[in-house]
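To start, the structure itself, in C-alpha cells.
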Amino acid sequence: YAIFAFCLVVFVHELGHYLVAKWCGIKSTDFSIGFGPELFSIIDKNGTKWKICLIPLGGYVKFVQSEKDGKKNIEDQSFDNASVFKRALTVVAGPISNFILAFVLFFLSAFISGVGTNDPIIGKAYELPGASDFFEKGDKIISINDYPVKNFSDVFEISSNSQFEGKISVLIERKNNIEEIFLPFIFQPIVLAVETLSPASKAGLKPGDVFISIGNKKINNFEDIRNIVLSSRGEELDVKIWRKNKIINLKLNPELRPTETADGNLKEVLRIGVRGGPPFEPIRKTPSILMASKISLNMTFYVIKMSIIGIIKIIDNTISPKHLNGPIGVAKALTETSYQGLAAFISLVGAISAGLGLINLFPIPVLDGGYLMIFLYEAIFRKRPPEKVLNLLMFIGLFLILSIMIFATFNDLMR
C-alpha cells in the first residue's frame with residue numbers, strides 16, 4: 001500500500017509536467033517513476049522512454065535540451081528554447097497536479113465514508129463494559145432518562161446539561177418495537193481513532209477499546225485521561241483497557257505532539273494520540289456531488305494551511321523538528337492507516353499529495369519553486385542567470401534537500 005501510494009503521488013506529479021510540456025511543444029525523452037536501477041521500460045511512438053526504477057522515492061521527466069542534442073528539428077522542441085511562460089507553466093503543472101489529486105482523493109473519501117446526519121438513528125455502535133444492552137445499527141433513540149430526543153444533537157445536549165446517577169435509561173425504537181436499554185454512562189472513555197506514529201499506536205490501542213483505569217485511578221470519561229496525561233510529565237503509564245470482554249494491560253509513554261488549538265494554530269501538548277467520543281454514531285448518508293466537492297476543497301486547503309503553519313512553527317522552534325517524517329515514517333503511517341479502512345487510507349494519500357505539491361513550490365533550487373524563481377529572474381532582467389550562479393544554487397539546493405531527507409529519516413529510525 002505504501003509503495004502504491006508513493007508511486008501514485010509521484011506519477012501524477014510527473015504526469016502534470018509531461019502533459020503540459022507536450023501541450024507547450026516541449027519534447028520529453030524520459031518519464032521515470034523511482035530512481036536507481038531500471039526495472040521495466042517501454043518507449044512510446046513519440047520516442048519517450050517510460051520506466052519504473054528500483055527506489056520508489058521520487059521520479060522525474062527529462063526534457064530535450066538544445067545544447068545537448070544540437071539538431072534543429074529537436075531544438076524547436078527543447079525545454080530551454082521554449083518561452084519563459086511555457087517553461088514556468090510546465091514546472092508549476094507538477095504541484096498543481098498534486099493538489100488536483102488531493103481534491104479527487106478527498107472527494108472519493110467523502111463518498112466512501114459518507115457524512116453524518118442529525119437523525120437520532122444509530123449508524124454504528126461499540127460494545128461497552130458493564131452495559132446490559134448495546135445499541136444496534138438502525139436503532140432510533142426516543143428518549144434518555146425521559147428526556148425526549150428529536151435529533152442526534154439532543155443526545156449531546158441532554159448529556160451535557162444533566163447529571164445522571166446510576167444506570168441511564170435509553171428508550172429506543174428497534175424493528176418497529178419500543179425497547180428500553182440501560183447504559184452505565186452516555187460518554188464512555190472509548191477510543192474512536194488512533195493517530196499514526198503515536199504512543200497509542202505503538203502500545204497497540206485499537207478503535208473500540210475502552211479505558212478502565214490508568215495507574216490506580218478509575219477512568220470514567222476522556223477528561224480523566226486528558227488530566228492524567230497532562231500531569232504525567234511524559235512518564236510511563238500503566239493502562240488497563242477493555243476489549244471485547246477481555247481486560248488488557250498496556251504501557252503508554254505520553255509525548256509532546258503538535259496539536260491544533262481552538263484558534264487554528266499549532267502547539268506541542270502532552271498526548272497519547274487517541275480520539276474519543278460517544279460509543280455510537282449517527283447514520284451516515286452519501287453526500288451530493290456539491291457537498292463532496294465542498295468537503296474535498298476544504299480538506300485540501302486545510303492540509304496546505306496546517307502544513308505551512310507546521311513548517312513555520314518548526315522554524316521558530318515552537319514545535320520540535322523531531323516530528324518531521326521521512327520516507328520510512330510516511331510508509332509506516334500509510335501501513336497503519338491501511339488497516340483503518342479504505343476511506344482513511346485514501347484521505348492520507350490525499351494529504352501526502354497536497355503536502356508534496358506544497359513542498360515543491362518552496363523557492364529552493366532543485367525543487368519546482370526554485371525553477372520558478374529562476375524563470376522570474378529571467379522574465380524581469382530579460383536574461384538567464386550566469387551558468388556558474390545556477391550551478392552553485394543547484395548545489396546548495398541539493399545539499400539542503402538531502403540534509404533534510406537524512407535528518408527526517410534519522411527521526412524515523414529513532415522512532
Legend entry - Side-chain heavy atoms of L372 within contact of Y377, under 4.5 Å: no
Legend entry - Heavy-atom check, side chain of F399 versus side chain of S403, under 4.5 Å: yes
Legend entry - Least distance between heavy atoms, V149 atom then P120 atom: CG1-CB, 3.8 Å
Legend entry - Plane angle bin for F375 and F79 - parallel if under 30°, tilted between 30 and 60°, otherwise perpendicular: tilted
Legend entry - Under 3.5 Å side-chain donor-acceptor pair for Y302 and E260: yes
Legend entry - Where M394 and Y371 come nearest, the two heavy atoms and their spacing: CE-CE2, 3.5 Å
Inset, instruction - Answer yes or no: are there more than 12 heavy-atom neighbours, outside F410 itself, under 6.0 Å from its atom CZ? - result: no
Legend entry - L54, CG: over 12 other non-hydrogen atoms inside 6.0 angstrom: yes
Inset, instruction - Compute whether any side-chain donor of one residue and acceptor of the other, for T318 and E268, lie under 3.5 angstrom apart. - result: no
Inset, instruction - State whether the number of non-hydrogen atoms from other residues, nucleotides or ligands found under 6.0 Å of K202 atom NZ is greater than 12. - result: yes
Inset, instruction - Answer yes or no: is there a side-chain heavy-atom contact under 4.5 Å between M299 and S296? - result: no
Inset, instruction - May I ask you to test the I352-F6 pair for a side-chain heavy-atom distance under 4.5 Å? - result: no
Inset, instruction - With the side chain counted from C-beta on, respond yes when I122 and I141 share a heavy-atom pair under 4.5 Å apart, and no when they do not. - result: yes
Inset, instruction - Return yes when atom OH of Y339 has more than 12 non-hydrogen atoms of other residues, nucleotides or ligands closer than 6.0 Å, and no otherwise. - result: no
Legend entry - Exam field: side chain N265 to backbone T261, donor-acceptor pair closer than 3.5 Å: no
Inset, instruction - Would you confirm whether the ring centroid of F99 sits within less than 6.0 angstrom of the ring centroid of F103? - result: no
Legend entry - Flag side-chain contact, heavy atom, 4.5 Å: P386 against L390: no
Inset, instruction - Under the salt bridge (charged side-chain N to carboxylate O under 4.0 Å, His left out) rule, what do E378 and R87 come out as? Steps first, then yes or no, please. - result: CA-CA 11 Å; E378 185 177 341; R87 280 180 278 149; 2.7 Å; yes
Inset, instruction - Please round to the nearest 0.5 Å and tell me the distance separating atom OG1 of T286 and atom CE of M291. - result: 11.0 Å
Legend entry - CZ on R257 to NZ on K322, rounded to 0.5 Å: 9.5 Å
Inset, instruction - Let me see the working for Q340 and T337 under side-chain hydrogen bond (donor to acceptor under 3.5 Å, both in side chains), right down to the final yes or no. - result: CA-CA 5 Å; Q340 298 177 22; T337 308; 4.8 Å; no
Inset, instruction - Can you establish whether the number of heavy atoms outside L413 located under 6.0 Å from its atom CG is more than 12? - result: yes
Legend entry - Donor + acceptor pair across side chains of D80, S78 (<3.5 Å): yes
Inset, instruction - Any chance you could measure F111, atom CZ, to S288, atom OG, to the nearest 0.5 Å? - result: 7.0 Å
Inset, instruction - Taking atom types as modelled, find out whether H323 and N411 have a side-chain donor-acceptor pair closer than 3.5 angstrom. - result: no
Legend entry - Side-chain heavy-atom pair V274, L205 within 4.5 angstrom cut-off: yes
Legend entry - Between CG on residue N253 and CG on residue L270, distance to nearest 0.5 Å: 11.0 Å
Inset, instruction - Any chance you could lay out the salt bridge (charged side-chain N to carboxylate O under 4.0 Å, His left out) test for D30 and K49, step after step, and finish with the verdict? - result: CA-CA 5 Å; D30 297 82; K49 186 177 185 180; 5.4 Å; no
Legend entry - Heavy atoms of other groups near K86 NZ, more than 12 under 6.0 Å: no
Inset, instruction - For the residue pair W50 and F31, categorise the inter-ring angle as parallel (less than 30°), tilted (30 to 60°) or perpendicular (more than 60°). - result: parallel
Inset, instruction - Report the distance from atom CD1 of I304 to atom CD1 of I309, rounding to the nearest 0.5 Å. - result: 12.0 Å
Inset, instruction - For a side chain to side chain contact (heavy atoms under 4.5 Å, CB included) with F152, tell me which candidate from N118, T117, D119 qualifies. - result: N118
Inset, instruction - Give a yes-or-no answer on whether the side chains of T196 and S201 include a donor-acceptor pair shorter than 3.5 Å. - result: no
Inset, instruction - Drop me the distance from F35's CZ to I55's CD1, to the nearest 0.5 angstrom. - result: 9.0 Å
Inset, instruction - Could you tell me whether the side chains of T48 and N46 share a donor-acceptor contact shorter than 3.5 Å? - result: no
Inset, instruction - Ignoring hydrogens and angles, state whether a donor on the side chain of E235 or S232 is under 3.5 Å from an acceptor on the partner side chain. - result: no
Legend entry - ring-ring contact (aromatic ring centres under 6.0 Å, His included) evaluation trace for Y126 with F280: CA-CA 6 Å; Y126 296 92; F280 46 82; 9.8 Å; no
